Amino acid sequence: MKTKIFSLLLMCFVITAYAQKKEIRNAEDAVEDKNFSEAKSLLKEVESTYTNEKEKWQSRYLLTKGKAYLANGLGSSFEDLKTAADAFQKAVDLGEDVDDAKKGLEEVRAALVNNAVEDQKKQKNLIAANKLYRAYELGKQDTLYLYYAASSAVNAQEYDLALEYYKKLLDLDYDGSQVLYQATNVETGVVETFGNKTLRDASVKSGSHKDPIDNKTPSKAGEIAKNVSLIYIEQDKPEKAIAAMKRAKAENPDDVALMQAEADLYYNMGNMEKYNEVMSFIAKKNPNDPVVFYNLGVSAEKLKDFDKAKKMYLKAIELDPEMANAYNNVASIILAKDRKITEEMNKLGMSPADTKKYDKLKAEKIDILKEAIPYLKKTIELDSSNINAMKYLKSIYYQTQDNEKAQEMDKLIKEKESQQN
């Protein structure tokens, strides 16, 4: 009697095993037909018992599950993609069909990244951050996805999460720079970027390209340190912001991007003296950068050092004659003197002494107004939308008795305002 019971149990086991294999085969066929919902349903029927099979069938189950939940990739839910990744990883760990399982993991990573890009377009930045972080976890040698995850978290204003990711990057000494292997297409004259040096060199050797060059993109260390500091400022933790910047600078003392990030930190903290100090140091490192001198002008102006501000703006103009804002700011500094003189003139009485002083101040005022004219004209020439500069120039023309030019400017202002309305 005991033998019969054992035989019945064995028969049930064989039937069950056969049924499991059948469900796995049917699920494989459903995946092949892109009927992913049916495949998921079939796999769920053997989910709790598939581990009773030999490793070959366990691997087939896991690969099929990974493909079913990956589906078409783009548009798959985050949960489905995580399920697919887990299935492929288990298949790798099992040791059967390792190459196919690793290929599946790469397809999941690509799907996570592509879906994250779509999420970013829809302003779903937190979801994008989660997907990018999961993509990073699937291949930690590629820290670029961790960097993108942090950026998406910042855009989502999830600052604690962004800090967590940025700290990981800092602990990994993430640099973010890369070498672009480029060469000029002989036929089109366009500089093209190749996937690697071997491909670029082969194209140059074949004669289709010329002038090979290796371009290293800038380090992202400065941007990361800046973002970490800005997050701490947002959280009202200035001491931590400064400490984060010091750490980054200690590791990259000659990184100009980091110096700029430090200057921006002090600017955001309202410490204009420290900002001006750091920017002055940057100017020594980058004596031909007009933006640096323009920013020095801004900080000097905020510190009420108008002579230095004007000098810095003029230096920026010397380096970049097309910088409209610099011309406008020079005019503004000049006209500040006019306002002071006007206030002094308005305080004078009608006595002979006051009248004499009034006439002297009026002459000074006219000289100041005339000094500002070329800078305002250049501002308008470079920035035709700057109506405020036009209004200042119209007023100056009236005050200097150049009514014809004032009327021309008035006409131009009306044209611009009608275009904007």
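Keep in mind that the numbers below use all heavy atoms, side chains included, and drop hydrogens, waters and symmetry copies. Every value quoted in this text rests on a predicted model; they were computed, and no experiment measured them.
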Donor-acceptor under 3.5 Å ([X] side chain, [Y] main chain):
X      : Y      : result
Asn328 : Ala324 : no
Thr184 : Val190 : no
Arg109 : Ala135 : yes
Asn346 : Thr342 : yes
Ser208 : Ser203 : yes
Asp175 : Ser177 : yes
Asn276 : Met272 : no
Asn196 : Leu199 : yes

Does [X] reach the side chain of [Y], with side-chain heavy atoms less than 4.5 Å apart?
X      : Y      : value
Gln157 : Tyr159 : yes
Ile396 : Leu335 : yes
Leu94  : Lys90  : no
Leu112 : Leu132 : no
Asn130 : Leu161 : yes
Asp236 : Pro238 : yes
Leu296 : Lys315 : no

For the residue pair [Y] / [X], report whether a side-chain donor-acceptor contact shorter than 3.5 Å exists.
X      : Y      : value
Tyr313 : Asn325 : no
Ser59  : Asp97  : yes
Tyr398 : Asn403 : no
Gln89  : Asp93  : yes
Gln120 : Ser152 : yes
Gln182 : Thr193 : yes
Asp402 : Thr400 : no
Gln260 : Asp264 : yes
Asn155 : Gln123 : no
Gln399 : Ser395 : yes

How many angstroms lie between [atom1] in [X] and [atom2] in [Y], if you round to the nearest 0.5 Å?
X      : Y      : atom1 : atom2 : value
Asp367 : Asp338 : CG    : CG    : 11.5 Å
Ser280 : Phe293 : OG    : CZ    : 9.0 Å
Glu234 : Asn268 : CD    : CG    : 10.0 Å
Lys65  : Leu43  : NZ    : CG    : 8.0 Å
Ile233 : Tyr266 : CD1   : OH    : 10.0 Å
Ile231 : Leu163 : CD1   : CG    : 4.5 Å

Problem - ring-ring contact (aromatic ring centres under 6.0 Å, His included) evaluation trace for Tyr275 with Tyr267 - result: CA-CA 6 Å; Tyr275 172 83; Tyr267 187 92; 5.1 Å; yes
One thing to verify: whether [Y] and [X] come together as a salt bridge, which I'm taking to mean a side-chain N less than 4.0 angstrom from a carboxylate O.
X      : Y      : value
Lys405 : Glu408 : no
Glu343 : Lys340 : no
Lys82  : Glu79  : yes
Glu106 : Lys103 : no
Asp214 : Arg200 : yes

What pair of heavy atoms forms the shortest contact from [X] to [Y], and how long is it?
X      : Y      : answer
Ala162 : Ala150 : CB-O, 3.9 Å
Val108 : Leu138 : CG1-CD1, 3.9 Å
Gly207 : Val186 : O-CG2, 3.4 Å
Phe88  : Leu63  : CE2-O, 3.8 Å
Ile224 : Tyr166 : CG2-CD2, 3.6 Å
Ala87  : Gly66  : CB-N, 3.7 Å

[X] [atom1]: over 12 foreign heavy atoms closer than 6.0 Å:
X      : atom1 : result
Tyr294 : OH    : yes
Glu187 : CD    : no
Glu164 : CD    : yes

Problem - Lys220 charged N/C atom sitting above Tyr147 aromatic ring, 6.0 Å / 45° - result: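 Judged by the rule (NZ or CZ under 6.0 Å from the ring centre, within 45° of its axis), Lys220 counts as positioned above Tyr147.
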Practice task
Kindly indicate, with the supporting measurements, whether the criterion salt bridge (Lys or Arg N to Asp or Glu O under 4.0 Å) is fulfilled by Lys310 and Glu371.
Solution key: CA-CA 13 Å; Lys310 182 180 177 182; Glu371 183 186 356; 2.9 Å; yes
Handout entry: Qualifying residues under side-chain hydrogen bond (donor to acceptor under 3.5 Å, both in side chains), relative to Asp80, sequence neighbours excluded
Key = Lys40
Exercise for the section: Go through the steps to decide whether Asp160 and Gln235 satisfy the test side-chain hydrogen bond (donor to acceptor under 3.5 Å, both in side chains), and finish with yes or no. Expected result: CA-CA 9 Å; Asp160 288 338; Gln235 296 178 336; 2.9 Å; yes
Practice task
Using the side-chain contact (heavy atoms from CB on, under 4.5 Å) rule, take Lys274 and Met269 through it: C-alpha gap first, then chi angles, then the decisive distance, then the call.
Solution key: CA-CA 10 Å; Lys274 198 67 178 175; Met269 291 172 65; over 6 Å; no
Exercise for the section: Might you work through the side-chain contact (heavy atoms from CB on, under 4.5 Å) test for Glu192 and His209, ending with a clear yes or no? Expected result: CA-CA 9 Å; Glu192 296 177 349; His209 291 74; 2.7 Å; yes
Practice task
Tell me, with the steps shown, if Arg134 and Phe78 meet side-chain contact (heavy atoms from CB on, under 4.5 Å).
Solution key: CA-CA 9 Å; Arg134 183 64 178 130; Phe78 184 33; 4.0 Å; yes
Practice task
Check salt bridge (charged side-chain N to carboxylate O under 4.0 Å, His left out) between Lys311 and all other residues, then give those that pass, not counting sequence neighbours.
Solution key: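 Salt bridge (charged side-chain N to carboxylate O under 4.0 Å, His left out) check on Lys311 returns nothing, list empty.
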Practice task
May I ask you to decide if the ring planes of Tyr165 and Tyr133 are parallel, tilted or perpendicular, using 30° and 60° as cut-offs?
Solution key: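 Taking Tyr133 first and then Tyr165, their aromatic rings lie parallel (interplane angle under 30°).
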Completion exercise
For Ile413, the side chain to side chain contact (heavy atoms under 4.5 Å, CB included) test, sequence neighbours excluded, returns Ile387, Met390, Lys391, Lys394, Met409, Glu417
